[in-house]
Amino acid sequence: MLLLPCSSIPGLNEWLLIRAQQSMVTSIVVVGINRPKAKNAISKNLVKMMYDAVENIKKNNKVRSVILCSLVPGIFCAGADLKERAKMHQSEVGPFVSKARALITELGNLPVPTIAAIDGAALGGGLEMALACDIRIASNTAKMGLVETKLAIIPGAGGTQRLPRVIGVSLAKELIFAARVVDGAEACRLGLVSNSVEQNKSGDAAYLQALELAREINPQGPIAIRMAKLAINQGIEVDLATGLAIEEACYAQVIPTKDRLEGLAAFKEKRRPNFKGE
C-alpha cells in the first residue's frame with residue numbers, strides 16, 4: 001500500500017481516506033469520503049482536504065487511475081453541508097460555492113482516468129462530483145439527483161453543464177427542473193452511469209466493480225491513456241474538424257515514447273507488455 005503525501009493533512013483519517021493499491025509500477029488511488037454523521041456532506045474543510053488530495057494525485061506520476069467512493073454505508077455524498085451553510089453570511093455563500101466548483105473542476109482535470117463508485121445516495125454536489133469523473137458505476141439501490149431546485153437554488157458546481165453533456169439537454173432539464181431522484185438501474189438506462197450492479201451484503205458492489213475496471217485499465221500504456229483522455233475531453237467541446245486536429249496532436253505525443261516501442265515488441269514476441277510511462 002502506498003500512502004500519498006496528502007495523508008499528512010490534519011483530520012484526514014476522520015473525513016477523507018486516501019490509499020493506493022500498488023502492483024509493480026501500477027497504482028490505483030482510492031479517495032474515500034468519510035463523514036458519517038453528516039452523510040458525507042460537502043463542507044469548507046472537506047473541500048480544502050479534497051482539493052489538496054487532488055493536487056497531490058496530480059503531481060504523482062505513479063498514479064494510473066483514481067476511484068472516488070464513500071466509506072459510509074448507504075451514502076455517497078448528500079451534497080452541500082446545509083447546517084454549515086445556514087450559519088454562513090450571505091456574502092460567504094458565493095465564494096464557498098466557487099471553491100467547491102473549482103475543486104470539482106480540478107477533479108475533472110486530473111490527467112488519469114477517474115471512476116466514481118456510487119454505492120449510496122449522490123445528491124446535489126455529490127452527484128456533481130461524480131459527474132466530473134470520467135466513468136460512473138452505481139449499485140442498483142443507489143439514489144442520484146440534482147435536487148437544488150427544492151431549495152430554490154440551482155446546481156452550482158457544474159451540474160447544469162455536465163449533466164446535459166452526459167444524458168442530453170432535454171433529459172437533464174427534466175431531472176433538474178423536477179429535482180428528480182433516480183436509482184442506479186434508471187441512471188444506467190439514462191446514461192448517467194455506465195454500469196449498474198446489484199448491491200451486495202457489504203454495500204460496496206459499485207466500489208468492487210470500479211476496482212475491477214481500474215485493474216483492467218491500468219496495464220495499458222499510461223501515456224496513451226492520458227492522451228486519449230485529453231483528446232476526448234477537448235475534442236467533445238469543438239467541431240469535428242478541430243477535434244480531429246486535437247486527436248492528431250495527441251497522437252503525436254505517443255509516437256516518440258519508449259512505451260510505444262515496447263508495445264510493438266511485446267506484440268511481435270507474443271508477450272504482455274511492460275509499460276513504464278516513458
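The model shown is predicted, which means the values in this text are computed figures rather than measured ones.
- Hydrophobic clustering keeps L127 apart from V147 (ILVMFWY residues linked when any side-chain heavy atoms are closer than 4.5 Å, directly or through intermediates).
- Proximity of a side-chain donor or acceptor of N140 to a complementary backbone N or O of S196 within less than 3.5 Å is not detected.
- Under a cut-off of 6.0 angstrom, the local environment of CD in E248 is sparse, with at most 12 non-hydrogen atoms contributed by other residues, nucleotides or ligands.
- Applying the salt bridge (Lys or Arg N to Asp or Glu O under 4.0 Å) test to E212 and every residue at least two apart in sequence or in another chain returns nothing.
- With sequence neighbours excluded, the residues forming a salt bridge (Lys or Arg N to Asp or Glu O under 4.0 Å) with R271 are E262, E269, listed by chain and number.
- When the salt bridge (Lys or Arg N to Asp or Glu O under 4.0 Å) test is applied to K99, no partner is found at least two apart in sequence or on another chain.
- When the side-chain contact (heavy atoms from CB on, under 4.5 Å) test is applied to Q234, the partners found at least two apart in sequence or on another chain are L230, I246.
- Minimum heavy-atom separation, I42 to G126: CD1-N, 4.1 Å.
- Here the shortest heavy-atom pairing between G159 and P164 reads O-CD, 3.7 Å.
- Within the 4.5 Å cutoff, the side chain of I118 has heavy atoms near those of the M144 side chain.
- Under the 4.5 Å side-chain heavy-atom criterion for grouping Ile, Leu, Val, Met, Phe, Trp and Tyr, I217 is not connected to I223 through any hydrophobic cluster.
- Residue pairs that meet the salt bridge (charged side-chain N to carboxylate O under 4.0 Å, His left out) test with at least one member in residues 108-118, sequence neighbours left out, do not exist here.
- Sequence neighbours left out, the pairs with a member in residues 115-132 that pass side-chain hydrogen bond (donor to acceptor under 3.5 Å, both in side chains) are D119-Q199.
- Residue pairs meeting the salt bridge (charged side-chain N to carboxylate O under 4.0 Å, His left out) criterion with at least one partner in residues 136-151, sequence neighbours excluded, are absent.
- Nearest approach of D259 to F275, heavy atoms of both residues: O-CE2, 3.2 Å.
- For residues 169-184, the set of pairs meeting the salt bridge (charged side-chain N to carboxylate O under 4.0 Å, His left out) definition, not counting sequence neighbours, comprises E174-R180.
- For the pair N200 (side chain) and D204 (backbone), a donor-acceptor distance under 3.5 Å is present.
- Linking Ile, Leu, Val, Met, Phe, Trp and Tyr whenever their side-chain heavy atoms come within less than 4.5 Å leaves V181 and I167 in two separate clusters.
- Using a 4.5 Å heavy-atom threshold, the side chains of E106 and E55 count as touching.
- Under the salt bridge (Lys or Arg N to Asp or Glu O under 4.0 Å) criterion, E198 pairs with no residue at all, not counting sequence neighbours.
- L163 and V182 fall within the same hydrophobic cluster, defined by Ile, Leu, Val, Met, Phe, Trp and Tyr side-chain heavy atoms under 4.5 Å apart, directly or through other members.
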Kindly list each side-chain donor-acceptor pair under 3.5 angstrom involving residues 108-115, sequence neighbours excluded, with atom names and distances?
from : atom 1 : to   : atom 2 : distance (Å)
N109 : ND2    : T105 : O      : 3.3
T114 : OG1    : D134 : N      : 3.0
T114 : OG1    : D134 : OD2    : 3.2

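- Hydrophobic clustering of Ile, Leu, Val, Met, Phe, Trp and Tyr side chains at less than 4.5 Å, counting indirect connections, unites V47 with M129.
- Without hydrogens or angle criteria, S65 side chain to N218 main chain gives no donor-acceptor distance under 3.5 Å.
- Here V72 is tied into one hydrophobic group with I75, each link being a pair of ILVMFWY side chains closer than 4.5 Å.
- Evaluation of the salt bridge (charged side-chain N to carboxylate O under 4.0 Å, His left out) test over residues 185-195, restricted to residues two or more places apart or in two chains, returns E186-R189.
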